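So you know, we letter chains A, B, ... as the sequences are listed, proteins then strands, and number each from 1. What you see below is based on every heavy atom in this structure, not just the backbone, and it leaves out hydrogens, waters and symmetry mates. Fair warning: this is a prediction, and the values are worked out from it, not measured in the lab.
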Number of protein chains: 2
Amino acid sequence: MASGIAITVEVDLITALEDQGLRRTYARSAVATRIESVSEAFTAEQLCRDLPEVGRATVYRTIRHLVDAGALCKLPILDGAPMYSIARVEHHHHTICSKCGAVGEFRHSTVERLMRSLEKEIDGEIVGHRMEIFITCNQCLSSTNGGE
Amino acid sequence: MASGIAITVEVDLITALEDQGLRRTYARSAVATRIESVSEAFTAEQLCRDLPEVGRATVYRTIRHLVDAGALCKLPILDGAPMYSIARVEHHHHTICSKCGAVGEFRHSTVERLMRSLEKEIDGEIVGHRMEIFITCNQCLSSTNGGE
DNA sequence: CTCATTATTGATACTTGATATCAATTAGGC
DNA sequence: GCCTAATTGATATCAAGTATCAATAATGAG
Ligand SMILES: [Zn+2]
Ligand SMILES: [Zn+2]
Ligand SMILES: [Zn+2]
Ligand SMILES: [Zn+2]
C-alpha cells in the first residue's frame, strides 16, 4: 500500500453497522449518535451512564459491532476498562494524555517503515503492531503553567 | 542516555522485593521462585492456580510489588487479563505471538530515536511510550509448515 | 532466648467490567 | 397487516481484582 498517505475514513457509525448487515434500531442509533457527539474517547460504562434508556447489554453489543466493523478503536488501559475512540484514519496509533486521558490519533510513515526494518531483528513473522505515546497534552501543560 | 546499549538487569525477584523494604516471607519466596522457574509470561490467575498454598490476595499483592519495583512488566491484553513477564532489559518492548501467546522482549535504538523525532508531530510533551509487535513465532511457523 | 511491635497473610466479602439467558418486542419483507 | 428473524434488556452469572480484618509470622530490643 502507499507509504505516506493517511486515508481518512467516513465516520458514520450507524452506516457502519448497517454495512455489517445489522438492522437500524432505536437503541443502536442512540448509541451511534451519542458516540459521534462526544468526540472524545470513552469507556463502555460511561456510555451506559449517558444512555440510561438503552440496556447495558445492548450498549456493550453495539460497541463490539463497531469495533468489529473497524469504526471504533479499542485501547487497552492498564488498570482500567478499555477506552474506545472513533477510528478516523485507516491505520494509526494513539496519544494518551497521562493527566486528563485525552486520546489523539496519529499516523507517521516512519513508524511503519521502522516496522518493516525491524523484521530482521525479530524472531518470527510480524503480523501487526500497536503503539501508544503517553503525553502531557497542551491543555494540561498550559493549565499547569498558567496556574488556576 | 547511551543509544544502542541494552542494559541487562539482575533477575532476582526476592531481592527486588527486599530492596523495596519488604520482608522475606515464605509466601513471597514461593511466588518469586515460581515466576523465575516458569520463564514465560503468565497471568495472575495462572500463578494462583500454580500456587494453591499461597492466598490469592498475596499473589496479587506480590505481583504488584514486583511491578512497582520494575522487576516485572505488565502487558495489557485486549480481551483478557494482563500478562506479566520478567523485565530483563531496562527499557524494552514486547513481541507477542498471536498463535501461542509467547512473549519476547526487544530493544532497538531506532525505536527510541523515532520517539524523539516524533516530538514535533505530537501535540504536547511526550512522557513515555509503549509498543507491542504481534508475530507468529518461529515455533508456530514451523509447526504449521511441518503439518500435523 | 523472650517479648513486644509491626508487617504479612489469607478467608471472605465485595466491586467492577463484561457476557449469557431468554421471554418479550421490534424491524423489514411480502 | 402479517410473519419471521433479529433485537432488546432485565436478570443472572462470570471473571479479575481489591478491601477487610482477625490470626500469624518476622524483626529487633533487651
Ligand atoms: Zn484509534
Ligand atoms: Zn503502525
Ligand atoms: Zn517487558
Ligand atoms: Zn521504547
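- Nucleic acid contact for A/Gln46: none, since no nucleic acid atom lies under 4.0 Å from a heavy atom of the residue.
- Look at B/Arg23 and you won't find any side-chain N or O under 4.0 angstrom from OP1 or OP2 of D/dA25.
- Under a 3.5 Å cut-off, the side chain of A/Glu36 and the backbone N or O of A/Leu13 do form a donor-acceptor pair.
- At D/dT8, one or more side-chain N or O atoms of A/Thr25 fall inside 4.0 Å of OP1 or OP2 (strictly under the cut-off).
- Relative to the side chain of B/Pro82, the nucleotides D/dA16, C/dT8, D/dT7 differ in distance, and D/dA16 lies closest.
- Spacing between atom NE2 of B/His65 and atom C1' of C/dA7 amounts to 10 Å, rounded to whole angstrom units.
- Residue B/Thr58 places at least one side-chain N or O closer than 4.0 Å to OP1 or OP2 of C/dG10.
- With B/Arg34 as reference, B/Leu51 is the one residue of B/Val54, B/Val59, B/Leu51 to meet the side chain to side chain contact (heavy atoms under 4.5 Å, CB included) rule.
- Across all strands, A/Arg24 comes closer than 4.0 Å only to sugar-phosphate atoms, never to a base (heavy-atom distances).
- A heavy-atom distance below 4.5 Å is not found between the side chains of A/His93 and A/His108.
- The interatomic distance linking B/Glu45 (CD) with D/dG17 (P) rounds to 7 Å, in whole Å.
- With salt bridges taken as basic N to acidic carboxylate O contacts below 4.0 Å, none links B/Glu105 and B/Arg107.
- Counting atom types as modelled, B/Arg56 pairs a side-chain N or O with a base atom of D/dG17 as donor and acceptor under 3.5 Å.
- Closest-nucleotide positions on DNA chain C for B/Thr62 and B/Asp79 were compared, and the one nearer the 5' end corresponds to B/Thr62.
- Between A/Arg64 and the phosphate of C/dA18, there is no side-chain N or O to OP1/OP2 separation shorter than 4.0 Å.
- In this structure, B/Leu78 atom CG and C/dG17 atom C1' are separated by 14 Å, rounded to whole Å.
- Here the P atom of nucleotide D/dA25 and the CG atom of B/Leu22 are 19 Å apart, to the nearest Å.
- Each of B/Glu18 and B/Gly80 was matched to the nucleotide of DNA chain D holding its nearest heavy atom; the match closer to the 5' end belongs to B/Gly80.
- C/dG10 atom P lies 13 Å from atom CG of B/Leu47, rounded to whole Å.
- The interatomic distance linking A/Glu53 (CD) with C/dT26 (C1') rounds to 17 Å, in whole Å.
- Contact detail for B/Ala32 and B/Ile14: the closest heavy-atom pair is CB-N, 4.0 Å.
- If you take CZ of A/Arg28 and P of C/dT26, they are 15 Å apart, rounded to a whole angstrom.
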Report the C-alpha distance between A/Met115 and B/Ile133 in whole Å, list the side-chain angles of each, state the deciding distance to 0.1 Å, and finish with yes or no for side chain to side chain contact (heavy atoms under 4.5 Å, CB included). CA-CA 9 Å; A/Met115 282 304 138; B/Ile133 297 189; 3.9 Å; yes

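- As judged by a 4.0 angstrom heavy-atom cut-off over every strand, B/Ala57 is placed among the base-contacting residues.
- Within the structure, every side-chain polar atom (N or O) of B/Arg61 is placed at least 4.0 Å from both OP1 and OP2 of D/dA19.
- Between B/Tyr60 and D/dG17 there is a side-chain polar atom (N or O) within less than 4.0 angstrom of OP1 or OP2.
- Nucleotide C/dT16 holds its P atom 17 Å from the CE atom of A/Met83, rounded to whole Å.
- The side chain of A/Ala27 has D/dG9 as its nearest neighbour among C/dA18, D/dG9, C/dA7.
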